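Structure record follows, encoded as structure tokens.
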Amino acid sequence: MSVAQSWQQCRTAQFSASWSNAGTVIAVDGELDAANSDQLVVYVERNARRATRMILDLRRLEFIGTAGFSALHRINVGCSAAQLNWAMVPSTAVERLLRVCDPDGTLPVTTAFDEPLLKETAWASGSLARPLLQLVTEPR
């Protein structure tokens, strides 16, 4: 299986896309706010156009503002209109925002464990899987 990739730096965030026969994975690293949330929507529309399934990997998103939530909602509406099956893998910051802004769980959420598309594109591209645990120093 072959995997194609692209990336885009956008202010305080970086977007990257990986495509395979099974679908598209779009990863967002950094911070998503009013300065770059519109660019994420455009990036998703452009890179998920040919997909049958899309995963929005937000595990490395350190901050998300309300404009980021609005972008996620617009992505949901666009995917619905295009009949594109999609889900997001949230970071802690995204989970916190979803508890407040989406308490009914209308946006589709999955986990890295439950999403074979994440594993498939990581193995096919030769990239290493992201660590599940992070080592931290003991408090003094």
Side-chain angles (χ1 to χ4, degrees):
M1 169 182 55
S2 64
V3 172
Q5 296 180 316
S6 80
W7 69 275
Q8 175 181 337
Q9 183 71 35
C10 194
R11 296 201 183 251
T12 57
Q14 178 177 320
F15 312 142
S16 61
S18 301
W19 308 276
S20 72
N21 294 337
T24 300
V25 174
I26 297 177
V28 182
D29 297 339
E31 300 177 355
L32 189 61
D33 55 24
N36 56 15
S37 60
D38 289 338
Q39 287 89 343
L40 175 62
V41 174
V42 170
Y43 188 82
V44 167
E45 288 172 351
R46 186 174 60 235
N47 288 287
R49 194 172 292 152
R50 59 183 152 227
T52 55
R53 173 132 175 90
M54 180 190 69
I55 296 300
L56 190 57
D57 184 357
L58 305 176
R59 291 178 290 173
R60 294 184 127 186
L61 200 60
E62 298 165 1
F63 172 82
I64 182 169
T66 55
F69 175 76
S70 177
L72 294 176
H73 177 70
R74 290 177 13 218
I75 289 167
N76 188 46
V77 169
C79 288
S80 242
Q83 297 182 338
L84 173 62
N85 182 1
W86 85 286
M88 72 177 105
V89 180
S91 67
T92 303
V94 175
E95 288 174 341
R96 191 176 316 119
L97 183 72
L98 291 176
R99 278 194 302 272
V100 174
C101 296
D102 188 28
D104 296 328
T106 57
L107 294 177
V109 175
T110 188
T111 67
F113 297 114
D114 294 332
E115 190 45 58
L117 187 56
L118 283 175
K119 296 174 191 124
E120 185 176 324
T121 55
W123 284 111
S125 67
S127 66
L128 298 175
R130 293 184 180 152
L132 298 176
L133 300 175
Q134 180 181 2
L135 296 176
V136 294
T137 59
E138 288 186 25
R140 294 182 185 190

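Quantities reported herein were computed from a predicted structural model and do not represent experimental measurements. Below, each value reflects all heavy atoms present in this structure, side chains not excepted, and no hydrogens, waters or symmetry copies.
When each of V28, D29, V89, L56 is tested with L61 by the rule side chain to side chain contact (heavy atoms under 4.5 Å, CB included), just one qualifies, namely V28. Partner M54 forms a side chain to side chain contact (heavy atoms under 4.5 Å, CB included) with one of V25, N85, V44 and no other, that one being V44.
Listed here is the closest heavy atom pair of F15 and N36: CZ-O, 3.9 Å. Nearest heavy atoms, L107 versus H73: CD2-CA, 4.3 Å. Taking each heavy atom of G65 and L97 in turn, the nearest pair found is O-CD2, 3.7 Å. Scanning both residues, S37 and L32, for their nearest heavy atoms gives CA-CD1, 3.8 Å.
Taken to the nearest 0.5 Å, the CZ atom of R53 stands 10.5 Å off from the SG atom of C79. Between the CZ atom in R96 and the CZ atom in F63 there is a gap of 10.0 Å [rounded to 0.5 Å]. Note that OG1 of T92 is 12.5 Å distant from CD1 of I64, once rounded to the nearest 0.5 Å. Remark: L98 CG to L58 CG distance equals 9.0 Å, nearest 0.5 Å. The CG atom of L40 sits 11.0 Å away from atom OG of S70, with the distance rounded to the nearest 0.5 Å. In this structure, D57 CG and S91 OG are separated by 9.5 Å, a value rounded to the nearest 0.5 Å.
Side chain of D33 to backbone of A35: a donor-acceptor contact under 3.5 angstrom is found. For T12 (side chain) and E31 (main-chain N/O), a donor-acceptor pair under 3.5 Å exists by modelled atom type.
Both Y43 and V41 belong to a common hydrophobic cluster when Ile, Leu, Val, Met, Phe, Trp and Tyr are linked at side-chain heavy-atom distances under 4.5 angstrom.
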I'd like to know whether V109 forms a side-chain contact (heavy atoms from CB on, under 4.5 Å) with D102, so could you lay out the CA-CA distance, the side-chain angles of the two residues, the decisive distance to 0.1 Å, and finally the verdict.
CA-CA 11 Å; V109 175; D102 188 28; 6.0 Å; no
Check the pair W86 / N76 against side-chain contact (heavy atoms from CB on, under 4.5 Å), numbers first and verdict last.
CA-CA 8 Å; W86 85 286; N76 188 46; 3.0 Å; yes
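Between R74 and D38, the closest side-chain pair of non-hydrogen atoms falls below 4.5 Å.
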